[in-house]
Structure formats: C-alpha cells, structure tokens
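Read through the structure below, which is laid out as structure tokens, and then see the notes.
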Amino acid sequence: VTSTLDRATGEEEIETASSNAAKQDNISSARILQALETMFADDAERSGNVLQIETEDAPLMGDPVTVLRILANFISNAISHAPGSTISLCLVKESHAQVFEVRDTGPGMSPQSLALCKERRHGTLNGSSKGGDNRGLGLSIVEDLTRSAGFHWSIESSVGIGTRASLHIPMAEHVHP
C-alpha cells in the first residue's frame, strides 16, 4: 500500500499522514474516489479483479491523506485476498456521516479470522500474515489512523460471500471546531 500511495501522493505526504491525522480540511469525496481508481486500476486488472468505483461528491472533513491511506488499505487487501472478484467502492450517506464502503465478492473470512483481523500480524482482510515485515499490519494501522482522525471504521465478512470494510467520515456541515 505504501508504494502505491507514494506513487499517487508523494512519499513526503505519506510520512506526515499520521502526524496530520487530526487535521480537519474540506475533502472532496469525488477526488478521493478518482485518486483511488487511478491508484488501483492496474493492480486490480493484474489480479483479475473488476474494480467498480461509483464517483460521487459530498462534503467531508478530515485529512485527505489519512482518508486515502485507510481506503487504499481496504482496496489493497481486497485485491490481495480476493483475486478474481469484483471490488466495489461507493459512498453511502448517513444522517451525520458519509460512509465509504469497499466490498469484495471474494472468499470472505471465518468469524475467527474476522475477530483477529484488527490485531497486528493478523491485520489483513483474510486474517493471514504472509511474508514481509509489514504484512499483517494494515488493519491495525487503519485502527490507529481512524482513532487519531476521529473517524469510525467497521468490517463485516461471510465465508463464500465476501467482505465489506467501511469508513465513516463526518460530513463537513456536522463538524464543529
């Protein structure tokens, strides 16, 4: 994910994302969705995935690099652990938040894997930790980033059906200084 983000936003911005997580800027959801499509279209195609992104604009507040990092993590995990599946990213409006949802039609996770997925070294969407030193950290990093930014995230999965990871971000008109 980091190398993909480095290509899309520049390494300098990524290094400061954690320290800027509490930063509150207006975010264009359409620009976030377009950036994610640009970042992951080739990776999805190489993995045999169909990437469907519904571009919609809504006013959000938060640090755009943090939002990109979280959503990129969700998409990267879906590409890695649900090859050949359809991965969709959309924005759903709730009363005081916009919810980015990343869904895949992959193998899904067992309840045991789902319970472990937020823990370090188990933090991938299928609960496995394959290879390298930074593998299995992704969803625990999402947990840290969402907590720092004041966001909320959730994950649901069913074996044989797929996984849905959601990021809840306050709408701009509902953020108070």
Side-chain angles (χ1 to χ4, degrees), residues 1-47 49-80 82 85-105 118 123 125 137-156 162-177:
V1 172
T2 302
S3 63
T4 304
L5 286 168
D6 289 349
R7 289 192 311 267
T9 61
E11 188 174 324
E12 180 178 297
E13 289 179 83
I14 299 307
E15 291 174 1
T16 61
S18 293
S19 63
N20 291 339
K23 182 179 172 185
Q24 295 291 307
D25 288 335
N26 284 315
I27 299 173
S28 165
S29 60
R31 290 183 71 190
I32 295 286
L33 293 166
Q34 290 165 353
L36 290 163
E37 185 171 27
T38 299
M39 290 165 62
F40 288 101
D42 290 341
D43 291 343
E45 186 176 328
R46 277 191 295 276
S47 294
N49 297 98
V50 174
L51 184 61
Q52 299 175 337
I53 297 182
E54 298 175 24
T55 304
E56 184 176 327
D57 206 10
L60 307 171
M61 291 299 292
D63 175 44
V65 175
T66 299
V67 173
L68 273 172
R69 284 191 76 184
I70 293 167
L71 295 174
N73 188 292
F74 292 164
I75 295 170
S76 177
N77 278 333
I79 290 170
S80 295
S85 72
T86 297
I87 300 168
S88 61
L89 173 60
C90 65
L91 190 63
V92 177
K93 186 176 183 176
E94 291 185 349
S95 61
H96 295 290
Q98 295 285 356
V99 182
F100 286 99
E101 290 186 349
V102 176
R103 297 175 184 241
D104 70 60
T105 59
K118 291 183 182 180
L125 288 184
L137 295 175
L139 295 179
S140 63
I141 291 170
V142 165
E143 180 73 22
D144 294 343
L145 287 171
T146 56
R147 187 179 311 116
S148 295
F151 301 154
H152 169 74
W153 79 284
S154 61
I155 187 166
E156 301 169 0
T163 301
R164 177 177 64 190
S166 303
L167 175 63
H168 302 250
I169 301 175
M171 289 187 284
E173 62 267 17
H174 296 287
V175 175
H176 303 286

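FYI, side chains are in, hydrogens and waters are out, and symmetry mates aren't considered; it's all heavy atoms of this structure.
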#### Entry: Which atom of Gln98 lies closest to which atom of Lys93, heavy atoms considered
OE1-CA, 3.3 Å
### Summary
Rounded to the nearest 0.5 angstrom, the CD1-CZ distance for Ile79 and Arg46 is 9.0 Å
### Summary
Separation between OG (Ser85) and CZ (Arg103), nearest 0.5 Å, reads 13.5 Å
### Query
Between OG of Ser76 and CG of Leu71, what distance do you get to the nearest 0.5 Å?
12.0 Å
### Message
Is the shortest side-chain heavy-atom distance between Leu68 and Met39 below 4.5 Å?
### Response
yes
### Query
Is any side-chain heavy atom of Thr163 closer than 4.5 Å to a side-chain heavy atom of Glu156?
no
### Task
Test side-chain contact (heavy atoms from CB on, under 4.5 Å) on Asp63 and Val67 and set out the steps.
CA-CA 6 Å; Asp63 175 44; Val67 173; over 6 Å; no
### Task
Kindly give the heavy-atom pair with the smallest separation between Val99 and Ser166, and that separation in Å.
CG1-CB, 3.8 Å
### Message
Within the 4.5 Å heavy-atom criterion, are Phe100 and Cys90 side-chain neighbours or not?
### Response
no
#### Entry: Minimum heavy-atom distance Met61-Ile169, with the two atoms named
O-CG2, 3.3 Å
### Query
So how far is it from Ile53 CD1 to Leu36 CG, rounded to the nearest 0.5 Å?
6.0 Å
### Query
Could you go step by step and tell me if Asp144 and Arg147 meet the side-chain contact (heavy atoms from CB on, under 4.5 Å) rule?
CA-CA 5 Å; Asp144 294 343; Arg147 187 179 311 116; 3.6 Å; yes
### Message
If you apply the rule side-chain contact (heavy atoms from CB on, under 4.5 Å), what do you find for Gln52 with Ile87, and how did you get there?
### Response
CA-CA 6 Å; Gln52 299 175 337; Ile87 300 168; over 6 Å; no
### Minimum heavy-atom distance Ala82-Asn49, with the two atoms named
O-ND2, 2.7 Å
### Query
Do you know the tightest heavy-atom contact between Ala78 and Asp104?
CB-OD2, 3.9 Å
### Message
Looking at Thr146 and Glu143, would you say the former's side chain and the latter's main chain have a donor-acceptor pair under 3.5 Å?
### Response
yes
#### Entry: Pro64 vs Ile32 side-chain heavy atoms within contact, under 4.5 Å
yes
## Note on the structure
To the nearest 0.5 Å, atom CD1 of Ile75 lies from atom OG of Ser88 at 10.0 Å
### Message
Would you say that Leu51 contacts Phe40 through its side chain, given a criterion of any heavy-atom pair below 4.5 Å between the two side chains?
### Response
yes
#### Entry: Sub-4.5 Å side-chain heavy-atom contact between Ile155 and Phe74
no
### Query
With a 3.5 Å cut-off and no angle check, do the side chains of Ser28 and Asp57 form a donor-acceptor pair?
yes
### Task
Just do the side-chain contact (heavy atoms from CB on, under 4.5 Å) check on Trp153 and Leu139 with the steps written out, would you?
CA-CA 10 Å; Trp153 79 284; Leu139 295 179; 4.0 Å; yes
### Task
Please examine the side chains of Ile27 and Ser29, heavy atoms only from C-beta on, and report whether any two atoms are closer than 4.5 Å.
no
### Task
With the side chain counted from C-beta on, respond yes when Leu33 and Glu37 share a heavy-atom pair under 4.5 Å apart, and no when they do not.
no
